[in-house]
Asks: 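Provided herewith is a single structure, encoded as C-alpha cells, for subsequent inquiry.
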Amino acid sequence: MAPISQASIEEKNNGSENMGEKAKMINCNTVLWEVKSSIRGVMAELQTLSNSEKTVISLGTGDPTANPQFLGRRPPFIDSLSSALTCSLSDSYAPSFGLPSARRAVAEHLNRALDNNTVGGPAPFHVSSDDVFLTSGATQAIHSILTVISSAGGNVLLPRPGFSLYDFACDIAGVRRRYYDLLPSRRWEADPNQIRAVADDLTLAIVLINPNNPSGAAFSANHILQIAEIARDLNIPIIADEVYGGIVFGGGSFIPMANFAHIAPVITIGSLAKRWMVPGWRLGWLVICDPQGTLQKVREATEIFMNVNSGPASVIQAALPSVLSNANEKFHENVVKLLDLCADTLFRGLEKIEALRCYSRPQGAMFMMVEVDTSRLLGIESDMDFAKELMKEESILVLPGSILGLKNWVRFFFGLPPGLLNDACERMRSFCERRMINVRQI
Ligand SMILES: *Cc1c(COP(=O)(O)O)cnc(C)c1O
C-alpha cells in the first residue's frame, strides 16, 4: 500500500494554508498525490460511519488474522520462529536474494505444487533456488518486478476488477496500465480476444491473480493455457500472483502458472500472508520460471535491484524451511475446509437478497464480488452509497467495487465465523428490504 496515508496528505494540505509568508512548501513525488483512493483510505472513512447501536461486522479488508478465535488462531509452525531466534544467522544481514536454505525451501514448495498439477508440459517443470528472490511480503515483489521491467512508454495488462496495489506500483514504476476484464458470467475468466485487443508492441507483461482476489475464482487449466499462449504470441512474461495458491475449495483446483512456463516465461509471486496467515511476518517471494532463458536480462536486473534493496528479516527467513514443510498439511486442510464453509454460508445468505446478484460461488481465495442493483434501492446510486448507508444503518463494512474498477459491485471478505456471516446477511437483507423501491410503492 501507499506509504503515505490519506490523512497525512490532507493534514499537509491544510497546513499549507496556515504557513507564514516566507516558508515555502517543499515538493514531493507527484505520483503519490494521485494515489487518491487506497483501500485503507476508503475503509478508514467508512469505519467512522458505523451505527453505535450495532457491533461492526467487517467484510471489508482481507486480513485472515482479524478474528483470532477463527482462522487467525496461532498456526502450528509458530514455534519454528523461536528456534530460528537461537540460530546465529538470524542476527546477521541475509544475502540480498535471501538465505540459501530459505530460497531452497521456496523452490521445493513451488516444485511440489508443480508435481501435483502436471497438466502443463510433457514433464513437470522445476525451479531451483537460484530462481527464487525473497521479498518483504508479496508487496515488495510486486513493486520490484514492475520497477525491473519498466521501460519508456511501456504498459502492463492488469485484470479488472483487480488488486489496487498493482495500479499504484505501475504508477510509481512509471509503467502504463491497461485493463482486461474478468467476466462474471464466465466464472470470472477473461475473453482471450479482449486481452489480445488491449495489448500492443509496448506491452511488457500480463498480470494474472490466481486464485483470484477479488472474485474468488480459481481459473481452469484451459484458461491458464490460453493466457500462456497470449503471452507467447506477444513475447511477454506472465506475472502470476499466487498469493492464494492452494486456497481452493468447492470443486476448484489450483493450477500454478509455471506449469506452462515452457510456453511463456512466468514470474511467480507468493507470500506467507494469506495461506500461512502470518501477514505480519512480511515474507514473500518472486520466482523466475524461465525454461527457455528469455528472462535472462530480467533476472540480472532483478539481482541488481535486490542488491540495492532489503528483504525480509533474517530471523523470519531462517524459520521458512520449517514453515513451508509438509508437516503443516493438517493446518492448511482445516483452513480450506473452514473457508469452504464460509464461502457457502455467505453465498447462500446473499442469494436470498433480491437487490444483490451473485454470479458464482467462490472456489478460491477469501473474497466474493456481488452486483448491487442500485435501481431498486431507494437513496442508493452507487456502490459507495451502498457501502456508506449499510455502515450507517447496519454497521456492516464492505469494500465498494469502484475502488477495484467495477462500479456498482461490492467485495465481501468471507474469512469470518459462519455465525457472524449469517448475522451480516440477515442485517443486509433487512437493509435492502427497507429500501426496496417496488416494496415502498405498493
Ligand atoms: C494480500 C495480497 C498481496 C500482498 O501480500 P503481502 O505479502 O501481505 O504483501 C498481494 N497480492 C494479492 C492478490 C493479495 O491479496
Side-chain angles (χ1 to χ4, degrees), residues 1-3 38-40 43 59-66 71-72 75 98 102 106 109 132-147 156-170 172-173 179 182 188 205-219 238-248 254 256-257 267-287 309-313 316-317 319-320 323-324 335 339 362-369 399 401 403-406 411-415:
M1 278 303 121
S38 69
I39 293 186
R40 284 184 201 176
M43 285 294 131
L59 310 173
T61 48
D63 182 351
T65 61
L71 290 177
V106 172
H109 171 71
V132 176
F133 297 86
L134 295 185
T135 55
S136 173
T139 301
Q140 192 191 19
I142 292 166
H143 281 293
S144 304
I145 195 62
L146 288 167
T147 302
V156 165
L157 310 183
L158 302 177
R160 179 171 55 202
F163 185 59
S164 7
L165 176 59
Y166 283 94
D167 299 39
F168 306 147
C170 282
I172 291 164
Y179 295 95
L182 302 179
W188 298 99
I206 176 167
V207 172
L208 185 78
I209 302 173
N210 182 44
N212 189 255
N213 175 6
S215 71
F219 297 124
I238 300 147
I239 297 174
D241 183 326
E242 296 179 352
V243 163
Y244 296 95
I247 308 186
V248 281
F254 168 57
M257 189 76 234
I267 295 150
T268 299
I269 289 173
S271 167
L272 291 187
K274 311 290 162 61
R275 186 166 187 236
W276 288 265
M277 308 217 164
V278 284
W281 288 20
R282 308 309 306 136
L283 193 136
W285 53 85
L286 183 160
V287 188
N309 234 297
S310 131
I316 306 287
Q317 297 193 30
L320 199 58
V323 173
L324 295 183
V335 164
L339 284 172
Q363 293 191 313
M366 306 169 177
F367 305 95
M368 173 170 166
M369 289 290 284
L399 184 73
I403 297 175
L404 310 172
L406 218 49
R411 187 190 78 173
F412 294 94
F413 167 69
F414 54 71

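Residue numbers count from 1 along this sequence. Just follow the structure's listing: the first ligand is 1, and inside any ligand the first atom is 1.
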Asks: Going from CG on L134 to CD on Q317, what distance comes out if it is rounded to the nearest 0.5 angstrom?
Replies: 5.0 Å
Asks: Find out whether Q140 and L286 are in side-chain contact, i.e. whether some heavy atom of one side chain is under 4.5 Å from a heavy atom of the other.
Replies: no
Asks: How are the rings of W285 and H109 set to each other: parallel, tilted or perpendicular (split at 30° and 60°)?
Replies: perpendicular
Asks: Between V243 and D241, is any pair of side-chain heavy atoms under 4.5 Å apart?
Replies: yes
Asks: Any chance you could measure M277, atom CE, to T65, atom OG1, to the nearest 0.5 Å?
Replies: 9.0 Å
Asks: Roughly how far, to the nearest 0.5 Å, is CE of M257 from CD1 of I239?
Replies: 12.5 Å
Asks: Below 4.0 Å from any atom of ligand 1, which residues have a heavy atom? Give them in chain and number order, please.
Replies: G137, A138, T139, I142, F163, I209, N213, D241, V243, Y244, S271, A273, K274, R282
